[in-house]
Amino acid sequence: MKVHLVRKRPAVFRRRRQIHHYLFHGLACRQGGDCKVLDSPAAFLTNDVRAPLLVVRNGRWVPHIFAPGVNLVVSDDVRQKLNDFAPIKFSKVKFTNLIDFPIPEAGILAIKDPGVRIDPFDARNILRTRADVSEHHRSIGKRYEVLTARVADIRARYRNVKTMQVRVGKTAQGSEMVEVDLSREMCRDFAVLCDGPWIFRDDAFAAVEGVFDWDFFMTTEITL
């Protein structure tokens with residue numbers, strides 16, 4: 001059985017800087033959560049956290065798949081592609097601030113240092129402090145947080161679970177070593193999981209592989 005591990009690319013690596021990372025992904029916190037700048041507590045299929053994810057980002061352009069917090073956020077088109085891969089749920093996100101920041105024709109990575117603050121913990125972060133643009137709320141369409149099972153919550157149900165060290169991504173493009181606990185039976189029952197990286201069974205990955213922007217995500221295929 002083939003599975004695919006997906007992670008966000010490192011925020012800072014060669015051409016990528018924080019300005020590129022956060023203009024692409026944005027930032028999120030949880031309504032009523034315990035942190036005003038980070039997604040906490042995170043929502044999973046296997047817990048009862050269902051408060052909406054509150055997203056701030058550049059509203060001039062919103063990708064079909066991005067990750068402002070722990071989970072992926074997807075467009076309605078991607079939601080429909082994943083709908084057949086139960087068990088999986090989708091929770092509509094709330095955009096609390098959509099700023100207007102121009103993107104060059106060559107894309108986000110073509111942006112040079114614009115001299116603005118975008119660190120998540122900086123009170124001057126432009127995603128939170130620049131004016132909300134109402135027109136963007138009307139044009140971007142619905143977006144959904146993807147709720148999957150967390151491996152730590154279901155691991156005890158399965159025998160023959162293997163703990164593996166896996167390098168996600170290619171070293172030349174920025175990569176990370178991760179530790180995952182997986183078994184074939186687990187991935188038969190769950191087409192998409194979360195264990196640090198997002199883990200897609202081969203058929204679920206095939207449904208959305210072409211929608212990911214691989215300048216901002218990275219992936220590795222393994223065989224169980």
Side-chain angles (χ1 to χ4, degrees), residues 1-11 13 25 28 30 33 38-51 53 64-75 77-91 93 143-214 216-224:
M1 176 187 290
K2 293 180 180 179
V3 298
H4 303 261
L5 279 59
V6 177
R7 293 272 284 179
K8 289 190 282 189
R9 288 198 182 277
F13 184 83
H25 288 293
R30 186 74 54 184
L38 297 176
D39 173 16
S40 179
F44 295 102
L45 199 62
T46 44
N47 67 18
D48 59 1
V49 176
R50 293 296 180 269
L53 193 67
H64 282 282
I65 303 177
F66 60 103
V70 172
N71 293 326
L72 296 171
V73 171
V74 301
S75 66
D77 287 346
V78 177
R79 181 185 65 83
Q80 292 181 45
K81 292 177 186 292
L82 289 173
N83 253 340
D84 293 335
F85 297 101
I88 192 170
K89 289 186 178 180
F90 302 90
S91 177
V93 306
R143 292 295 193 275
Y144 300 88
E145 183 182 15
V146 182
L147 305 186
T148 63
R150 180 171 50 186
V151 170
D153 297 331
I154 62 172
R155 190 188 193 284
R157 302 181 197 174
Y158 297 93
R159 302 174 64 183
N160 303 318
V161 174
K162 294 181 179 179
T163 300
M164 295 172 280
Q165 300 281 338
V166 181
R167 181 174 294 280
V168 182
K170 298 179 180 179
T171 303
Q173 300 171 318
S175 63
E176 292 180 353
M177 288 296 298
V178 299
E179 183 175 281
V180 292
D181 296 332
L182 289 175
S183 73
R184 293 171 63 91
E185 293 76 15
M186 188 187 297
C187 292
R188 286 195 188 104
D189 292 344
F190 295 90
V192 188
L193 292 159
C194 184
D195 192 24
W198 302 285
I199 301 161
F200 288 79
R201 198 173 63 209
D202 194 50
D203 53 347
F205 186 70
V208 296
E209 178 182 7
V211 189
F212 277 98
D213 186 329
W214 296 112
F216 294 93
F217 291 95
M218 55 189 180
T219 186
T220 292
E221 176 188 300
I222 63 173
T223 300
L224 298 177

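Start at 1 with the first residue, then count along the sequence.
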Chemist: So which heavy atom on K8 is nearest to which on G69, and how close?
Modeler: NZ-O, 3.9 Å
Chemist: Is a side-chain donor or acceptor of T219 paired with a backbone partner of L5 at a separation under 3.5 angstrom?
Modeler: yes
Chemist: Tell me whether R30 contacts the main-chain N or O of P41 through its side chain, where contact means a donor paired with an acceptor under 3.5 Å.
Modeler: yes
Chemist: Verify the neighbour count for atom NE2 of H4: are there more than 12 heavy atoms of other residues, nucleotides or ligands below 6.0 Å?
Modeler: yes
Chemist: Are the side chain of N160 and the backbone of S183 linked by a donor-acceptor contact shorter than 3.5 Å?
Modeler: no
Chemist: Heavy atoms, side chains only, cut-off 4.5 Å: are L193 and T148 in contact?
Modeler: no
Chemist: Decide yes or no for L224 and R188: does some side-chain heavy atom of the first lie under 4.5 Å from some side-chain heavy atom of the second?
Modeler: no
Chemist: Please round to the nearest 0.5 Å and tell me the distance separating atom NZ of K162 and atom CG of D181.
Modeler: 12.5 Å
Chemist: Measuring from atom CE of M186 to atom CZ of R201, what distance do you get when rounded to the nearest 0.5 angstrom?
Modeler: 13.5 Å
Chemist: Does any non-hydrogen side-chain atom of E185 lie less than 4.5 Å from one of R159?
Modeler: no
Chemist: I65 pairs by side-chain contact (heavy atoms from CB on, under 4.5 Å) with which of D213, V6, V73, V78?
Modeler: V78
Chemist: Are any of the side-chain heavy atoms of M1 and D202 separated by less than 4.5 Å?
Modeler: no
Chemist: Where the side chain of N47 meets the backbone of A42, is there a donor-acceptor pair that is under 3.5 Å apart?
Modeler: yes
Chemist: Side-chain contact test, heavy atoms from C-beta onward, threshold under 4.5 Å: evaluate it for Q165 versus M177 and give yes or no.
Modeler: yes
Chemist: If you look at every heavy atom in L53 and E145, which pair is closest and at what distance?
Modeler: CB-OE1, 3.7 Å
Chemist: Whether the side chain of R9 engages the backbone of F217 through a donor-acceptor N/O pair (distance < 3.5 Å, no angle test) should be reported.
Modeler: yes
Chemist: Are any non-hydrogen side-chain atoms of F212 and L72 less than 4.5 angstrom apart?
Modeler: yes
Chemist: Quick check: closest heavy atoms across A67 and W198, and the distance to 0.1 Å?
Modeler: CB-CH2, 3.7 Å
Chemist: Is there side-chain contact between F66 and H25, with heavy atoms separated by less than 4.5 Å?
Modeler: yes
Chemist: Under the side-chain hydrogen bond (donor to acceptor under 3.5 Å, both in side chains) criterion, do R167 and S175 qualify, and how do the steps go?
Modeler: CA-CA 7 Å; R167 181 174 294 280; S175 63; 2.8 Å; yes
